[in-house]
**Q** 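I have a structure I would like to understand better, so I am pasting it below and will then ask my questions one at a time.
Side-chain atoms are counted along with the backbone in the values below, which use heavy atoms only and exclude waters and symmetry mates. All chains are named by letter (A, B, ...) in the order of the sequence lines, taking the proteins before the strands, and each is independently numbered beginning at 1.
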Amino acid sequence: MVRQLWLLDIALEIEDGKPIAWLWCKDSLGETYVVKKEYSPNFYIVGDVVEEIVAFLKTHGYRVEEVSRKIRGRSVKAVKVYVNVEDVESIAKKIIKNMKNVEVYEEDVRPSIKFLLENRVKPSGDIIVHESMFKEQGSLKIIETDKVEYAGVSTLPPLKIMSLDFVYYSEAGSPRPERDPVILISLITSSGEKIQLSGDEKKILREFVEIVERDDPDVFVSFSSNRLHWNYLQERARRHGLRLTIGRLSSEPHTSIHGHVSIRGRINIDLEDMAKDIPELTVETLEEFVDYLGLKLELDTVEEWEVAETWKKNPERVKKYSMQKAEALLKCFEVLKEYIFSLSELTGIPADYVLTASTGFRVENYLMYLAVELGELIPKKPEITPTPYVGGLVKSPEPGLHKDVAVVDFRSMYPSLMIKYNISFDTLSDDGEYVSPNNYRFKKEPEGFLPRALKTLIEERRKIQQKLRTLDPNSTEARVLDARQRAIKVISNAIYGYTGWAGARWYTREVAEATTSWGRHVIMESMKKASELGMKVIYSDTDSLFLQNYTGKIEKFLKWIEEDLGLEAKLEKIYKMVIFTEAKKKYAGITSESIIDIVGLEAVRGDWSYIAREAQRDTVKTLLETGNVHEALKISKNYIKKLINREVELRKLIIWKQITRSLDEYEATQPHVNVARQLVQEGWKIQPGDKVGYIIVKGSGPLYKRAKPYFKVHPEEVDWDYYIEKQVAPACLRVLEPLGVKIEELKSIGGTSLMDFF
DNA sequence: TGTAGGCATCCATACCTGTCGCT
DNA sequence: AGCGACAGGTATGGATGCCT
């Protein structure tokens with residue numbers, strides 16, 4: 001019998017000493033299957049004397065195969081060695097110990113991933129299973145097979161989703177599993193039932209496990225579970241002599257790669273992983289995430305530092321918030337699921353941890369599929385110290401206010417150049433016909449590995465976009481396709497960067513360097529051409545041009561780019577007015593549709609106080625909408641007045657900064673580092689990646705001594721002067737100064753200098 | 001287990017210079 | 001006059017978060 005099933009996750013399990021691939025699947029009715037297929041992990045040996053190696057291995061009882069493969073496009077003979085163990089790496093090491101002049105390949109690729117690569121199947125897609133044995137074990141259907149094929153993407157099967165929120169009780173600092181109990185679990189089951197467990201901890205945990213077993217969800221959705229919750233719960237359970245058997249077949253969670261916790265047979269989605277990936281978010285909380293997704297949800301936030309106190313005084317508030325979070329998580333997942341599964345199918349990384357994997361690994365996994373298809377061996381990560389190379393070209397802007405400016409962008413410049421000049425690790429050659437401006441050479445033929453990958457991606461995206469135009473944008477199909485085209489874009493845009501990443505298996509600096517050098521060449525030629533056509537280049541960054549006096553010329557320019565450069569460029573927008581300072585990568589403009597863009601300035605930086613950002617945004621808005629410097633100056637002054645009168649809420653004074661390393665690795669004591677150290681002293685857990693919020697208070701000495709955790713600050717102790725002098729005034733002045741406003745004008749209020757106040 | 005480089009900006013810190021008090 | 005302490009100014013580089 002043949003079945004078509006949706007692949008949810010893969011694991012390699014050892015049964016009776018044999019490695020078996022377990023494919024966790026769903027059918028179109030939502031039934032759960034385990035498809036079992038024997039699998040021999042394997043690796044390759046490449047050397048001069050293939051016959052000898054084969055003979056040697058055969059006498060030692062290994063199953064071997066002599067095969068033709070490629071290394072960076074060059075054909076080689078290789079020996080494929082099958083080993084029936086999970087730990088391929090150490091056995092490979094042992095086998096080649098006494099061999100000379102050999103190289104080993106793919107012993108470091110995880111067997112479960114290799115199973116997928118070699119069988120050409122992708123998670124979050126449909127597989128065709130030729131069944132040789134079928135049995136039922138409880139509600140689980142088990143199939144044994146010796147053949148699976150890939151059927152591609154199809155509609156999602158019905159999945160049972162459970163969303164979760166956990167609350168712990170800690171009197172001082174962050175909760176610690178060795179000390180502080182779980183006091184509340186809020187969850188929504190797949191049937192929509194809302195449950196809150198509180199009271200005796202042992203009872204809570206036991207009930208939780210029971211509910212999971214009964215409901216048997218396919219997906220867990222939570223926030224911070226990889227970093228915190230699963231390990232915490234497991235430790236608490238252990239203390240009560242319980243096992244946290246929330247995985248299928250009564251298994252416990254276990255920590256896997258990429259800092260991810262894996263739960264057998266289920267997809268464990270931690271939306272915090274996704275939040276961390278979104279650059280628009282500054283503090284990466286669930287609240288911010290919900291907001292970013294445009295979901296209008298009410299969350300009556302109880303912050304971490306006030307949980308214990310609130311629980312004592314008003315437990316209902318904590319309960320309400322916790323359930324609101326569980327509801328929000330469910331809604332987020334609804335919006336995001338298409339994207340998550342698309343990204344999983346495209347890259348071949350199981351949905352379970354595709355969010356945890358970094359961009360580099362997503363790209364790499366995608367490339368590994370192509371490698372197997374083309375017979376290219378997967379190289380190891382290089383052991384090198386990366387040498388920096390030159391990137392994009394940025395032209396200094398002309399400071400001041402400019403009217404009527406057209407912005408022209410090259411469309412995916414780096415991918416296009418890589419395709420155009422066949423830039424790839426396997427075409428790099430001293431006798432290549434394409435010579436980059438910095439003198440690297442690439443062969444014209446055959447088509448390179450990376451250009452091929454890029455073409456495939458771009459072509460698929462083009463097809464999807466074409467299809468999308470015929471669909472109702474609100475239909476399910478449109479949502480799925482849109483998610484997929486976004487996933488494709490992410491991967492194709494990251495391929496250039498991947499080649500310059502020292503952690504990449506296919507790291508090739510020449511490729512990255514040649515790409516940017518062609519990029520600089522193209523933008524310089526374009527600036528020249530624009531000037532020749534009579535336009536004025538106000539500013540340019542990497543692949544964009546800001547042009548004045550463009551009427552009747554820009555069409556010619558775009559045509560020239562297409563015909564003479566063989567690239568695509570687009571008139572992205574027109575600014576009715578745009579303001580530049582002396583600095584690169586910072587400007588603000590108002591488009592022909594009257595939309596205000598603020599780029600690079602303090603107003604869009606998460607490490608400035610809200611009040612400074614608000615003041616600058618307001619000033620810029622007035623400036624661009626009225627074109628009146630005096631009006632804008634008035635706005636700025638108003639903000640300063642508000643600070644003088646102490647009429648600003650404390651939360652607008654918080655400055656958030658990220659902790660990027662362990663606290664003892666810092667050479668310089670910065671305010672947020674000092675605050676973090678204080679918090680750690682008080683029992684708070686602070687890890688790299690955490691954001692610390694502080695307010696500057698009155699006092700003497702260096703700034704870092706005057707920074708205090710925001711939730712401990714009283715209005716009387718705030719150093720208002722700091723917020724005027726170092727936050728609001730500089731931010732406003734940044735955009736006013738290029739228009740001739742002097743600092744004294746900003747600070748003189750009602751004829752007297754502001755200085756008189758202090 | 002980090003796609004890339006280019007850039008501005010703030011602030012701590014090291015260093016430099018001039019002044020002053022003391023011998 | 002010579003020396004050291006110290007204040008004040010300046011150059012440098014660590015750190016962060018943005019842009020394309």
**Q** Answer whether the closest heavy-atom distance between the side chains of Ile10(A) and Pro350(A) falls below 4.5 Å.
**A** yes
**Q** For nucleotides dG17(C) and dG2(B), find the distance between their C1' atoms and express it as a whole number of Å.
**A**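 Rounded to whole Å, the distance is 16 Å.
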**Q** So what does Ala512(A) touch, heavy atoms closer than 4.0 Å: a base, only the sugar-phosphate, or nothing?
**A** nothing
**Q** Do side-chain atoms of Asn365(A) reach the backbone of Thr347(A) as a donor and acceptor pair under 3.5 angstrom?
**A**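 Such a contact is found between Asn365(A) side chain and Thr347(A) backbone.
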**Q** Ignoring hydrogens, what is the shortest heavy-atom contact between Thr516(A) and Val390(A)? Give both atom names and the distance.
**A**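 That closest heavy-atom pairing would be OG1-O, 2.8 Å.
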**Q** Select base, sugar-phosphate, or nothing to describe what Phe580(A) touches, counting heavy atoms under 4.0 Å on all strands.
**A**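 No contact.
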**Q** What string of B, S and - do you get for nucleotides 10-19 of chain C, 5' to 3', if B is base contact, S is sugar-phosphate-only contact and - is no contact with any protein heavy atom under 4.0 Å?
**A** ----SSBBSB
**Q** Near DNA chain B, under 4.0 Å by heavy atom, which residues of residues 498-508 of chain A?
**A** Tyr498(A), Gly500(A), Trp501(A)
**Q** Could you list all the salt bridge (charged side-chain N to carboxylate O under 4.0 Å, His left out) pairs where at least one residue sits in residues 376-398 of chain A, not counting sequence neighbours?
**A** Glu107(A)-Lys380(A), Glu398(A)-Lys536(A)
**Q** Would you call His402(A) and Tyr587(A) a side-chain contact if the rule is heavy atoms closer than 4.5 Å?
**A**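 With C-beta onward as the side chain, the pair stays apart.
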**Q** For nucleotides 5-8 of chain C, give me every protein contact, N/O to N/O, under 3.5 Å, one pair per line with atom names.
**A**
none

**Q** When we call it a touch if two heavy atoms are under 4.0 Å apart, what does Arg509(A) touch: a base, just sugar-phosphate, or nothing?
**A** nothing
**Q** Give a yes/no verdict on a cation-pi contact between Arg651(A) and Tyr710(A), requiring under 6.0 Å between NZ or CZ and the six-membered ring centre and an angle within 45° of the axis.
**A**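 Relative to the ring axis of Tyr710(A), which defines the angle, Arg651(A) lies outside at least one limit.
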**Q** With a 4.5 Å cut-off on side-chain heavy atoms, are Tyr339(A) and Val490(A) touching?
**A**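 Contact flag for Val490(A)/Tyr339(A) side chains = yes.
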**Q** Does the pair Lys584(A) and Asp541(A) meet the rule for a salt bridge (charged side-chain N to carboxylate O under 4.0 Å, His left out), with working shown?
**A** CA-CA 8 Å; Lys584(A) 297 170 176 179; Asp541(A) 184 351; over 6 Å; no
**Q** Could you check, using the six-membered ring where one of them is a Trp, whether Tyr610(A) and Trp656(A) have ring centers closer than 6.0 angstrom?
**A** no
**Q** Quick one: ring pair (Phe, Tyr, Trp, His ring centres under 6.0 Å) partners of Tyr421(A), sequence neighbours excluded?
**A**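 Counting only residues at least two positions away or on another chain, Tyr421(A) forms a ring pair (Phe, Tyr, Trp, His ring centres under 6.0 Å) with Tyr434(A), Trp518(A).
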**Q** Check the pair Asp270(A) / Leu355(A) against side-chain contact (heavy atoms from CB on, under 4.5 Å), numbers first and verdict last.
**A** CA-CA 8 Å; Asp270(A) 181 351; Leu355(A) 294 184; over 6 Å; no
**Q** May I ask you to say what Gly391(A) touches in the nucleic acid, namely base, sugar-phosphate or nothing, with a heavy-atom cut-off under 4.0 Å?
**A**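 Touches sugar-phosphate only.
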**Q** Which heavy-atom pair separates Leu454(A) from Ser492(A) by the least distance, and what is that distance?
**A**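 Distance-wise, the nearest heavy atoms are CD2-O, 3.7 Å.
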**Q** I'd like the 5' and 3' limits of the part of DNA chain B contacted by chain A, with heavy-atom contacts below 4.0 Å.
**A** dT1(B) to dT13(B)
**Q** So what does Thr669(A) hit on the nucleic acid, given a heavy-atom distance under 4.0 Å: a base, only sugar-phosphate, or nothing?
**A**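 If one applies the 4.0 Å heavy-atom cut-off, Thr669(A) turns out to touch the sugar-phosphate alone, with no base involved.
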**Q** So what does Val363(A) hit on the nucleic acid, given a heavy-atom distance under 4.0 Å: a base, only sugar-phosphate, or nothing?
**A**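 Counting heavy atoms under 4.0 Å across all strands, no contact is made by Val363(A).
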**Q** Of all heavy-atom pairs between Phe442(A) and Asn422(A), which one has the smallest distance, and what is that distance?
**A** CB-O, 3.9 Å
**Q** Between Gly497(A) and Leu393(A), who's closer to the 5' end of DNA chain B by nearest nucleotide?
**A**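 The residue whose closest nucleotide sits nearer the 5' end is Gly497(A).
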